[in-house]
Amino acid sequence: MSTKVHISTKHESRAGYAFLSPFFILFGIFGLAPIIFTVYVSFFNWDLLGTQEWVGLQNYIELFQDSRFYQSLGNTISIFLLSSVPQLIAALLLAIVLNSKKLKLRTFWRAVILFPFITSTVAVAVVFGAMFADNGGMMNWALGFLGVAPIHWHADALAGQIVIALMVNWRWTGYNTLIFLAALQSIPGELYEAAEMDGASKISQFFNITIPQIRPTIFFTVVTSTIGGLQIFAEPMQFGGGNYSGGSSGQFRTMTLFLFDQAFAQLRLGYSSAIAIGLFLIIAIIAGINFFISKKLVKADI
Amino acid sequence: MKINFSWLKQPSLYLMLVLVALLSLFPFYWMYVVGSGTNATIASIPPTVMPGSHWTETFNHILGTFDILTVFRNSFIVSITVAVLQVFTSTLAGFAFAKLRFRGNNALFGLVMVFLMIPVQLGIIPLYLLMANLGLVDTLAALILPYVVSVFGVFWMRQAMVSNVPQELIDAGAVDGASFFRIYRSVALPMVRSSAFVLALFTFLTTWNDFAWPLIITQTPENFTAQVAVSQLNAANNPSYPAILGGSLVMAMPLIALFLITARQFVAGVMDGAVKG
């Protein structure tokens, strides 16, 4: 970029490597190495008390035959879809509202919708768990006015998953709204003015200008909510009463909860490492699909 | 026609925003209502919406479960240390990536982009074993070490350096014979102050709210963080709802205060990150 004289000296190179080394060394030790070592541990019968016995693929064979694995995978995907889809749609609509030119108190509204984001997942889960109590909870009371019979939020599978998804939605919708708002603000106004002159309706403008223009941001929010959503842990744990069981019959036990249960309650580090690798692959596959689709879409656009 | 349309739209627009605001704030208010009530408040029909007068009992119950000051001190030490170290390592690496010329610069940054996609949280088991080998289980150091560097932080600070620090100033400093660390500290760093502040804010927040790792790596109440302490209240056999919800609110107070003070920068930070991300 710079047109100035190059002062690329040995000195500068040395400084470059030196300044990067804290990041690369520490990330290697605390980020990469544990991930790689997880693969190694997954081939062992390994407990925290000292047993370390090579068992080859045994953990993986067991995993593929374990009904809890399929149940937790199904729960994770169900909670993930129940949370990310409505959340991203709501966030986009809210962003459009907040982007209105005549809106008063802009910063106030933005701050208010971001407020849930600062709450810890533990606190969110505790509050929602109480509001959605099976007996005498506020939600069942409110639903009673609509003629709905009390719902067993903690006992029923889908109901429990909906509550957990609501916790995620409550915490993240405002955050994603601001992400979308930033994208909306970077769309050139002339595009809309030209469409307006051509007599295009608001709906047609939304689908033909807004959506294509913010496509990279949609991709970004989908990827981040995928990586986060598939690792959901604190909400189902607290909703299930603070243990790793994920409900009386595991009806909202997620993959990460299953991983923690095997590692730190059953002390089966080898088996839980196999779960971690399984989850890792699932995240990689879904991220890959995301990436592939978005690449296709971007190409189709050009 | 256009004027009519927007005139009709405005009130419903504000109504919707007010509704969203109420939804956003209600759980916090309700933590306060239950926290100041009795154990029956949470299940009362119709629901109690006015605060009670039992804060003292609630507070005593919380104090009987863990020491609030110790828990706060732990969370503060960990969150501030992580924020400061992460800003330091990220600005340093971001400066090198953005402003220094050396062989492999682009390739190494490509590697950082790959790292961005890796869910490192899944390495939790070996990380635990590593801490056990280092004798760091149940120490605050174990809560800090894994978070000293952040892939996102490096990415973020590199962007800030690229857009805020002119290359000419770096070259001029080098010609004058200043060390590159000196240039980083006295020239580059002051120019990316606001981005670094946003990174510090976010890091403080995520560290304060982190749950899974502190839950397994801390064992004795002297080392509990705020989140672990709250979960202890929730897991008790004989749950006191005022203590659980009141405790959640008390543990969130530092973040609420921080947010109220820095709301403007916070909102700007999220939106800025969106464009860059």
Side-chain angles (χ1 to χ4, degrees), chain A residues 2 4 7-8 12-13 15-17 19-20 22-23 26-27 30-31 34-35 37-38 41 97 107 109-116 118-123 126-127 130 133 136 138 141 175 178-179 181-183 186 217 220 227 231 233-234 238 242 263-264 269 272-273 276 279-280 283 287, chain B residues 13 16-17 20-21 24-25 27 30-31 42-43 45-47 89 92-93 95-96 100-103 108 117-123 125-127 145-146 148-149 154 167-168 171 174 180 205 209 211-212 216 227 230-231 234-235 241 244-245 248 252 255 259 263-264 267 270-271 274-275 277:
Chain A
S2 170
K4 295 270 162 176
I7 332 164
S8 187
E12 185 167 349
S13 304
Y17 298 127
F19 291 179
L20 291 184
F23 168 74
L26 290 167
F27 185 74
F30 296 110
I35 284 277
F37 200 66
T38 303
V41 177
V97 170
T107 310
W109 297 119
R110 289 175 189 179
V112 167
I113 60 162
L114 192 57
F115 204 48
I118 66 162
T119 333
S120 76
T121 46
V122 178
V126 164
V127 173
M138 182 183 285
W141 172 79
Y175 177 83
L178 292 188
I179 304 262
L181 182 58
S186 65
T217 305
F220 172 78
I227 294 176
Q231 296 187 69
F233 169 74
Q238 296 302 322
F264 303 108
L269 298 191
S272 63
S273 293
L279 184 52
F280 186 91
I283 292 175
Chain B
L13 194 144
M16 179 181 160
L17 284 178
V20 169
S24 297
L25 300 177
W30 205 55
M31 284 188 221
I42 198 158
I45 298 288
T89 55
L92 202 58
F95 173 71
L100 299 182
R101 285 161 294 234
F102 53 91
R103 195 195 293 271
L108 287 172
M117 299 284 192
I118 300 177
V120 288
Q121 299 89 325
L122 291 179
I125 293 151
L127 199 56
L145 280 174
V148 168
V149 295
V154 172
Q167 187 70 41
E168 292 76 27
D171 294 345
F180 283 102
L205 172 91
N209 281 340
F211 176 58
I216 60 160
Q227 306 316 320
V230 170
S231 80
N234 195 27
Y241 289 106
I244 297 168
L245 273 77
S248 298
L255 287 188
F259 183 78
R264 207 170 279 272
V267 168
V270 172
M271 294 184 58
V275 178

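As a basis for the values below, the full set of heavy atoms in this structure was taken, side chains included, without hydrogen atoms, waters or symmetry mates. Lettering follows sequence order; numbering is per chain, from 1.
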With a 4.5 Å cut-off on heavy-atom pairs, point out which of [options] contacts chain A the most.
options: B:A252, B:P119, B:S248; result: B:P119
options: B:L92, B:L127, B:L25; result: B:L92
options: B:V230, B:T89, B:V20, B:L100; result: B:L100

With a 4.5 angstrom heavy-atom cut-off, which part of [X] approaches chain B: side chain, backbone, both or neither?
X: A:F23; result: both
X: A:A133; result: neither
X: A:A263; result: side chain

Are there over 12 heavy-atom neighbours, none belonging to B:Y241, within less than 6.0 Å of that residue's OH?
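Count not over threshold, so no.
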
Counting neighbours of CE on B:M16 that are heavy atoms of other residues, nucleotides or ligands and sit closer than 6.0 Å, is the number greater than 12?
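More than 12 within 6.0 Å, yes.
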
Looking only at non-hydrogen atoms, find the nearest pair between [X] and [Y] and report the distance.
X: A:E12; Y: B:R101; answer: OE2-N, 2.7 Å
X: B:A93; Y: A:L20; answer: O-CD2, 3.6 Å
X: A:A111; Y: B:F259; answer: O-CZ, 3.4 Å
X: B:A96; Y: A:G16; answer: CB-O, 3.8 Å

Would you sort out whether A:F30 and B:V149 count as a side-chain contact (heavy atoms from CB on, under 4.5 Å), showing the intermediate values?
CA-CA 9 Å; A:F30 296 110; B:V149 295; over 6 Å; no

Below 4.5 Å from any heavy atom of chain A, which atoms of [X] appear? Answer side chain, backbone, both or neither.
X: B:L122; value: both
X: B:L145; value: both
X: B:A263; value: side chain
X: B:L17; value: both
X: B:V267; value: both

Would you compute the distance between atom [atom1] of [X] and atom [atom2] of [Y] and round it to the nearest 0.5 angstrom?
X: B:Q121; Y: A:I283; atom1: CD; atom2: CD1; value: 8.0 Å
X: B:I125; Y: A:F264; atom1: CD1; atom2: CZ; value: 5.5 Å
X: A:I227; Y: B:I118; atom1: CD1; atom2: CD1; value: 10.0 Å

Which residue out of A:T107, A:L114, A:L181 racks up the most heavy-atom pairs below 4.5 Å with chain B?
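Result: the option with the highest number of such pairs is A:L114.
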
Would you say A:Q238 and B:S231 make side-chain contact, with heavy atoms under 4.5 Å?
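In contact.
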
Is the backbone N or O of A:I118 less than 3.5 Å from a side-chain atom of B:N209, with the two atoms forming a donor-acceptor pair by type?
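At least one qualifying donor-acceptor pair exists.
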
A:Y17 and B:F102 aromatic ring geometry - parallel, tilted or perpendicular at 30°/60° bounds
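B:F102 vs A:Y17 ring planes: perpendicular.
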
